[in-house]
Q: 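This structure is in structure tokens; I'll ask about it shortly.
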2 protein chains.
Amino acid sequence: MSRLNLTTQRKTILDLIQSCEDHPTAAEIMERLRTNGHQFAYGTVYNSLRYLTDAGLIRELKLGETACRYDGRTEDHYHIVCKKCGRVDEVLSAPPAEWIREVAAKTNYDVHHSQVVFEGVCNSCKHPNA
Amino acid sequence: MSRLNLTTQRKTILDLIQSCEDHPTAAEIMERLRTNGHQFAYGTVYNSLRYLTDAGLIRELKLGETACRYDGRTEDHYHIVCKKCGRVDEVLSAPPAEWIREVAAKTNYDVHHSQVVFEGVCNSCKHPNA
DNA sequence: ATAGTATTTAGACTTAGTATAAATTTAATT
DNA sequence: AATTAAATTTATACTAAGTCTAAATACTAT
């Protein structure tokens with residue numbers, strides 16, 4: 001991974017993801033590209049998503065669904081998924097460092113990173129009548 | 001999900017998973033069944049895994065790999081994956097309740113559950129020469 | 001014994017993603 | 001500006017993991 005090589009396709013895909021309010025899957029990204037008048041090969045989209053992820057320009061989210069989702073926010077954060085409607089929101093509070101230290105001590109691992117996915121019911125689904 | 005219906009196949013699969021020290025995938029479970037002289041249909045294994053998971057007798061782990069893994073430990077716990085060798089260990093410390101409360105407050109969700117997967121380097125991989 | 005429900009089986013199918021080889025684009029060198 | 005080399009895109013075949021379906025089998029309750 002030397003210097004950045006943003007081809008037209010990669011740039012277009014990066015722009016699209018950065019402009020998203022949500023966290024689209026690869027399939028959704030392809031659909032939106034088509035809507036915007038772009039038609040890239042299947043493999044190019046996957047290739048670009050990998051490239052952009054490796055370059056640290058986007059994040060790949062594994063939320064326990066069958067497909068990965070992509071996120072234009074690159075700062076460290078987590079996610080919460082609504083069981084009812086499937087909506088995904090950002091969680092900006094990090095797990096307490098004290099807890100991470102405890103886990104490292106107990107498991108004898110060097111802990112580099114943690115993926116956290118909360119599950120629950122979102123505000124709209126809590127008040128379905130409103 | 002009324003009362004428990006443990007067929008021969010389901011019981012065999014449950015026993016196998018409970019006897020595992022590790023966290024096998026569906027494919028690994030099929031392989032081990034075959035080794036033990038059982039030959040169940042492909043779909044039966046998946047069906048049973050779902051049934052046992054829904055019944056709360058085993059846990060389905062989504063560790064960010066392409067395949068789910070299964071765990072005979074049903075008490076609440078988390079996992080840590082070694083980046084180098086892929087080994088998966090149990091993490092028995094729960095995330096601090098205070099943090100969960102904070103997340104619920106900030107996101108406006110009712111938080112029911114959290115999946116946490118730590119990534120790091122295990123003890124053996126830290127000392128490769130030993 | 002018989003009808004009705006649930007489960008297993010075998011195999012087709014789906015989804016998400018990877019691999020490959022040819023064509024194209026880009027960059028570097030002369 | 002022409003030529004070579006490297007990287008990328010394209011089209012398409014393929015793989016992995018799991019779901020779906022219809023027929024066969026097993027279990028349950030009269």
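Chain identifiers are assigned alphabetically (A, B, ...) following the order of the sequence lines, protein sequences preceding nucleic acid strands; residue numbering begins at 1 within each chain.
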Q: Identify which nucleotide among dA10(C), dT10(D), dT9(D) has an atom closest to any side-chain atom of Ala41(B), counting heavy atoms from C-beta outward.
A: dA10(C)

Q: Under 4.0 Å, counting only non-hydrogen atoms across every strand here, what does Asn5(A) touch: a base, just sugar-phosphate, or nothing?
A: sugar-phosphate

Q: Is it the case that Asn123(B) and Tyr109(A) place a side-chain donor and acceptor less than 3.5 Å from each other?
A: no

Q: dT8(D) C1' sits how many Å from Arg3(A) CZ, rounded?
A: 14 Å

Q: Kindly point out which of dG17(C), dT9(D), dT19(D) is positioned nearest to the side chain of Asn47(A)?
A: dT9(D)

Q: Of Thr25(B) and Thr8(B), whose closest DNA chain D nucleotide lies nearer the 5' terminus?
A: Thr25(B)

Q: At under 4.0 Å between heavy atoms, what does Thr44(A) touch on the DNA or RNA strands: base, sugar-phosphate, or nothing?
A: base

Q: Of all the nucleotides listed (dA17(D), dA10(C), dG18(D)), which has the minimum atom distance to the side chain of Cys68(B)?
A: dG18(D)

Q: Can you tell me the distance, in whole Å, between the CD atom of Gln39(A) and the C1' atom of dT12(D)?
A: 15 Å

Q: Knowing that exactly one of His112(B), His113(B), Gln115(B) qualifies, which makes a side chain to side chain donor-acceptor pair (under 3.5 Å) with Glu119(A)?
A: Gln115(B)

Q: Look at the rings of Tyr78(A) and Trp99(B) and say which category their plane angle falls in: under 30° parallel, 30 to 60° tilted, over 60° perpendicular.
A: perpendicular

Q: Take Thr7(B) and Tyr42(B), find for each the nucleotide of DNA chain C with the closest heavy atom, and name the residue whose nucleotide sits nearer the 5' end.
A: Thr7(B)

Q: Between dT19(D) atom C1' and Glu60(B) atom CD, what is the distance in whole Å?
A: 13 Å

Q: Just the rounded figure in Å: distance from P of dG11(C) to OH of Tyr46(B).
A: 17 Å

Q: Rounded to whole angstroms, how far apart are CZ on Arg10(A) and P on dT26(C)?
A: 12 Å

Q: Closest to the Gln9(A) side chain: dG17(C), dT9(D), dT19(D)?
A: dT9(D)

Q: Which part of the nucleic acid, if any, lies within reach of Ala27(B) when heavy atoms closer than 4.0 Å are counted: base, sugar-phosphate only, or nothing?
A: nothing

Q: Starting at CZ of Phe40(B) and ending at C1' of dG11(C), how long is that distance when rounded to a whole Å?
A: 19 Å

Q: Separation of Leu6(A) atom CG from dT9(D) atom C1', in whole Å?
A: 15 Å

Q: Given dT9(D), dG18(D), dG17(C), which nucleotide is nearest the side-chain atoms of Ala26(B)?
A: dG18(D)

